[in-house]
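Structure first, then comments.
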Amino acid sequence: MSDAKPLALLGLTLEELRAVVERFGQPSYRARQLFDALYGQRVQSAEQISTLPLEFRRSLGASEFSLGGPRIERKFVSSDGTVRYLMAFADGQSVETVWMPEGDGGETGDGSEAGAPPRGWDRATVCVSSQVGCAVDCRFCLTALLGVKRNLTAGEMVGQVSAVLNDQHVSPPEDRVNLVFMGMGEPFLNYESFMKAVLLLIEGVGIPASRMTVSTAGIVPRIYDFGAEPVRPKLAISLNAPNDELRAQLMPLNRKWNLEKLMMAAREFPLRNREKLTFEYVLLDQVNDSEENARELAELLQGVRAKVNLIALNPGPGISFATPAEERVERFQSILTAARVPAFVRRPRGRDIYAACGQLKRTLELAEPG
Ligand code: SF4
């Protein structure tokens, strides 16, 4: 049996597709047709690419090339409209991708076209995974318990977005879709594939960079690289503690890149007009959520054009922290606000289906017993 893997078309740039069509003796303009079909129309098989001659479609379908997108293996729908997808790849590995609709979309209940799904939202966010598992080992995160199994390719990241958009019958840029690279994995430990995916999503799928955010746990050298990119999403830094001692306990990577190094990278990050950095702070009861911690955090962020997203811990099995009471969260927020640091409390999405931040592992546990 041959163990040669099929070559995935999804994830190839226009230039790389040119080389493919030439191998089939096709003129190079076919590469653009293939690119538009893969990313713009999000076709699911070579036969669907009606702009290509039938003969080329057939030889493509019979060749070593495959489209290469993930398969939706399982799907969980929350009472708040959030959908958590388990996406399976050809090698049997899987990740989770989350769809989060927001707003009411002016839904009337009877205003949709015949046959069209009712539209109960006016913007939506897709949370994309960048690795199978994660190596960063944040102590409050379920994904960390998996370790890292492998990086995803650019095509596998784009494929998650395409599969969700197809399933939800949504088409950017007409439909307002935001992307956050905050699913499983640390995107900056898979930097090249992540950036390649970003460009394909912009140029091919039609989602502008201004609607994308990447979150890093603090891979400092990549923050500098990212700041130098001519086209890039917005940056969020997962902070979670206002001093090195506490941060190193919660996020062991702080021993390599401590707060001094991280904050220097944050201060030097070339922000655009009106752009702000986002700092994410998961509040853990009696661990990092005291008034003193809030004051220290406000001090740390002085002079940085930033906002803070506060997330009360989403508890899970194997995680030894508790969720703080609402009053503690509010008090923490008010100390930041009083120190002129904009702070927002992020509501957990899809908690009933374990789709909330730090919980993207539940389905894997179910799907991969033992
Ligand atoms: S919080 Fe993010 S970076 Fe940290 S272990 Fe979880 S997935 Fe990795």
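Read the numbers this way: they start at 1 and go in the same order the structure lists the ligands and their atoms.
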Closest to atom 6 (Fe) of ligand 1 (judged by heavy-atom distance), picking from Cys141, Ser238, Ala135: Cys141
Closest to atom 2 (Fe) of ligand 1 (judged by heavy-atom distance), picking from Ala217, Ala144, Gly185: Gly185
With atoms numbered from 1 as shown, which atoms in ligand 1 lie under 4.0 angstrom from a non-hydrogen atom of Cys134? 3 (S), 5 (S), 7 (S), 8 (Fe)
Counting each atom of ligand 1 from 1 as listed, which ones have a heavy atom of Asp137 under 4.0 Å away? 5 (S)
For Arg23, what residues pass the side chain to side chain donor-acceptor pair (under 3.5 Å) criterion, not counting sequence neighbours? Glu64
Heavy-atom check, side chain of Glu186 versus side chain of Leu253, under 4.5 Å: no
Mutual orientation of the aromatic rings belonging to Phe194 and Phe181 [parallel < 30°, tilted 30-60°, perpendicular > 60°]: perpendicular
Would you say Gln33 and Thr51 are linked by a side-chain donor-acceptor pair, where the criterion is simply a distance under 3.5 Å? no
